[in-house]
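Below you'll find the structure, written out as structure tokens, and then a few comments.
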Amino acid sequence: MKICTLLLFSFLGLGLAVPIERPTPKKEAEPPPPPEQPDTGLYYDRYLREVIDVLETDGHFREKLQAANADDIKSGKLSKELDFVSHHVRTKLDELKRQEVSRLRMLIKAKMDATMEENVQIDHMSLLKQFEHLDPQNQHTFEARDLELLIQAATKDLENYDAARHEEFKRYEMMKEHERREYLKSLDEEKRKMEEAHFEEMKKKHKEHPKVNVPGSIDQLKEVWEETDGLDPNEFNPKTFFKLHDTNGDGVLDEQELEALFTKELEKVYDPKNEEDDMVEMEEERLRMREHVMKNVDANHDRLVTLDEFLKSTERKEFNEADGWETVDETQVYTEEELRKFEQELSAQETALNQRAEELRKEHEQLQQQQIELDAQKKEYQQAVMQMEQKKAQQTGAEAAAGPNGELKFQPEAPHAESEHAKPVEEQPKLAEQQQKSDVHPAAPGEADGHPAGQKEPEVPHSQGQDQQAHPGQP
């Protein structure tokens, strides 16, 4: 208890002491977080990134990865190094694979639920074989075979991904033109001319921009060197430039690092605040610029630019090209024949949708009619049930009024309801005599009815009074 008291007073003393001003230590500037990598578009993009991040935490594997070339990676030679990573890393990779298998199973089940009947047995083993980025035979541990399949699948899918993006952009442009033409058809002549004039004005305004340098040329790189890096363009050094823009320090320029170099060129043409600038076209422009550089610089086609490849590209004649870059709006994305076929596809799809809508409408009407018939049947059944209940109640009342052998049962009348004719004959003269006395001697107040006050006269049936008036002298 004494120790607790001393501690309490010591804390109070600290709290009441005169504060001493001390210089606050300067916080060291925290390094900016690494830029978020854009999505590759692969359906297993997250799994791919997580596996790479875990593998890079192992020092041995990271050294082998930096020393390996593209051929070693593509051939699967690097995957053999997986046997030498730490147990902690292998455990994390096993967990990542189990999560990926579970995710794929959920995708398969969702697809089957949408296309198949219920209570259908699903062979997950055979369905998992359609996914090429992992080994379906082993669903619990991450092995060298899994890494090899993941690298091969990513390489192949990324090569096809750019082509798919170009096709998607072409369809986007054709849809935009189709909708514009359909809108013009809905206008009268005067408004149509005004709309076409506005369209031509926007096209002309979009083309009013500074010269766009060829991606990867000396002019384009010097512009980045001066405006982004803040260095003297007369002191441009390709090797220094490469190291400045190798943001993750892995010794190569990947696709995202290359695309970051084109931002200045894209800003010359596209502004999200301008009506005439389409941001979807800007992303297509970025993709075309990256493909142009990869085609001229990436010698081994591994989608990575090494320092040696970059330096060799600066020695080529094309590096000093002074011609400008043709933007998307200056190139023919599609032909009139392709647009015509596209519109035919849209028309066929619209017809199919209308037919389906008509079928659904008829089905809806049939269901409504069936509902009306069901409601009518329900009403008839309810009426029949009510009639049966009424008949049953009547039968129950009739059985209660009959005897055990079916004879009728009569209820005895109340005593005050007995007829005077049912009384004995000797009592009738007395009644007549009392009637005569009441006529001669009126009753006192309260006894006018022939009875003492407070005493009620017995009720006389109506038939008896009529008999007395008809035969007053009859005893």
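Between Glu365 and Arg361 there is a salt bridge, since a side-chain N of the basic residue sits under 4.0 Å from a carboxylate O of the acidic one. Using a cut-off of 4.0 Å between Lys/Arg side-chain N and Asp/Glu carboxylate O, Glu173 and Lys170 are scored as not salt-bridged. Contact check on Lys185 versus Glu182 returns a salt bridge, with a Lys/Arg side-chain nitrogen under 4.0 Å from an Asp/Glu carboxylate oxygen. The pair Glu345-Arg171 meets the salt-bridge criterion, with a side-chain N (NZ, NE, NH1 or NH2) lying under 4.0 Å from an Asp/Glu carboxylate O. Comment: Asp162 engages Arg303 in a salt bridge, judged by a side-chain N to carboxylate O separation of less than 4.0 angstrom. Salt-bridge check for Glu226 with Lys222: failed, with every basic side-chain N at 4.0 Å or more from each acidic carboxylate O. Salt bridge status for Lys312 with Glu315: absent, with no side-chain N to carboxylate O gap under 4.0 Å. A salt bridge does not link Lys204 with Glu276: none of the charged nitrogens is closer than 4.0 Å to a carboxylate oxygen. Salt bridge status for Arg290 with Glu259: present, with a side-chain N to carboxylate O gap under 4.0 Å. With respect to Lys156 and Glu132, a salt bridge is recorded, a charged nitrogen being found less than 4.0 Å from a carboxylate O. The pair Glu343-Arg340 does not meet the salt-bridge criterion, since no charged nitrogen lies less than 4.0 angstrom from a carboxylate oxygen. Salt bridge annotation for Asp53-Arg49: absent, with no cationic side-chain nitrogen under 4.0 angstrom from a carboxylate oxygen.
The number of heavy-atom neighbours closer than 6.0 Å to CZ of Arg90, taken from other residues, nucleotides and ligands shown, is above 12. When the shell of 6.0 Å around NE2 of His60 is examined, it contains more than 12 heavy atoms from other residues, nucleotides or ligands. Heavy-atom neighbours of Lys64 NZ from other residues, nucleotides or ligands within 6.0 Å: at or below the threshold of 12. Within a 6.0 Å sphere centred on CE of Met202, heavy atoms belonging to other residues, nucleotides or ligands number more than 12. For Lys193, the NZ atom counts as loosely surrounded, since its 6.0 Å shell holds 12 or fewer non-hydrogen atoms of other residues, nucleotides or ligands. Counting non-hydrogen atoms of neighbouring residues, nucleotides and ligands closer than 6.0 angstrom, the CE atom of Met279 exceeds 12 such neighbours. Residue Glu190 places its CD atom among 12 or fewer non-hydrogen atoms of other residues, nucleotides or ligands, all under 6.0 Å distant.
Remark: Leu253 CG to Leu307 CG distance equals 8.5 Å, nearest 0.5 Å. Between atom CD of residue Glu285 and atom CD of residue Glu326 there is a gap of 10.0 Å, rounded to the nearest 0.5 Å. Taken to the nearest 0.5 Å, the CE atom of Met174 stands 11.0 Å off from the CD atom of Glu336. Separating the CZ atom in Phe310 from the CG atom in Asp246 is a distance of 11.0 Å, to the nearest 0.5 Å.
With Lys97 contributing its side chain and Thr141 its backbone, the two residues share a donor-acceptor pair below 3.5 Å. The backbone N or O of Thr327 sits less than 3.5 Å from a side-chain atom of Glu330, completing a donor-acceptor pair. No side-chain donor-acceptor contact under 3.5 Å links Asp229 to the backbone of Leu231. Within the 3.5 Å criterion, the main-chain N or O of Ser86 finds a donor-acceptor partner in the side chain of Asp58. Looking at Glu50, its side chain never comes within 3.5 Å of a backbone N or O of Tyr47 through a donor-acceptor pair. Within the 3.5 Å criterion, the main-chain N or O of Glu143 finds a donor-acceptor partner in the side chain of Asp146. Put simply, the side chain of Ser102 never gets that close to the backbone of Arg98: no donor and acceptor are under 3.5 Å apart. The main-chain N or O of Val214 is found under 3.5 Å from a side-chain atom of Ser217 such that the two form a donor-acceptor pair. A distance-only check finds no donor-acceptor pair linking the side chain of Asp298 to the backbone of Val305 [under 3.5 Å].
Under the rule for a side-chain hydrogen bond (donor to acceptor under 3.5 Å, both in side chains), the partners of His206 that lie at least two apart in sequence or sit in another chain are Asp277, Asp329.
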(message) If you apply the rule side chain to side chain donor-acceptor pair (under 3.5 Å), what do you find for Gln139 with Arg105, and how did you get there?
(response) CA-CA 11 Å; Gln139 303 180 17; Arg105 284 178 174 175; 2.3 Å; yes

(message) If you apply the rule salt bridge (Lys or Arg N to Asp or Glu O under 4.0 Å), what do you find for Glu195 with Arg192, and how did you get there?
(response) CA-CA 5 Å; Glu195 188 65 28; Arg192 186 181 302 113; over 6 Å; no

(request) Decide side chain to side chain donor-acceptor pair (under 3.5 Å) for Gln390 and Gln394; before the verdict, give the C-alpha distance in whole Å, the side-chain angles of both, and the deciding distance to 0.1 Å. (result) CA-CA 6 Å; Gln390 291 176 359; Gln394 292 175 359; 5.7 Å; no

(request) Give the C-alpha distance, both sets of side-chain angles, the deciding distance and a yes or no for salt bridge (Lys or Arg N to Asp or Glu O under 4.0 Å) between Arg181 and Glu177. (result) CA-CA 6 Å; Arg181 294 182 181 183; Glu177 177 63 17; 2.8 Å; yes

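No side-chain heavy atom of Met289 sits less than 4.5 Å from a side-chain heavy atom of Gln220. Using a 4.5 Å heavy-atom threshold, the side chains of Asp278 and Lys176 count as touching. In this structure the side chain of Leu374 never reaches within 4.5 angstrom of the side chain of Lys378, judged on heavy atoms. No side-chain heavy atom of Thr314 sits less than 4.5 Å from a side-chain heavy atom of Ile218. Residues Phe169 and Val333 have side chains in contact (heavy-atom distance under 4.5 Å, counting atoms from C-beta outward). Put simply, the side chain of His87 reaches to within 4.5 Å of the side chain of Thr91, judged on heavy atoms. Using a 4.5 Å heavy-atom cutoff, the side chains of Leu184 and Lys191 are not in contact. In this structure the side chain of Leu304 never reaches within 4.5 angstrom of the side chain of Glu255, judged on heavy atoms.
Relative orientation of the His292 and Trp325 rings is perpendicular, given thresholds of 30° and 60° on the angle between their planes. Ring geometry for His133 versus Tyr44: interplanar angle under 30°, hence parallel rather than tilted (30 to 60°).
A donor-acceptor pair shorter than 3.5 Å can be found between the side chains of Glu275 and His198. For the 3.5 Å distance criterion, the side chains of Thr351 and Asn354 fail to qualify, holding no donor opposite an acceptor. Between Gln371 and Asp375, the side chains place a donor N or O and an acceptor N or O closer than 3.5 Å (distance only, hydrogens not considered).
Under the 6.0 Å cut-off for aromatic ring centres, Phe241 and Phe236 qualify, their centroids lying closer than that.
By the 6.0 Å and 45° rule, Arg180 stacks over the aromatic ring of Phe199.
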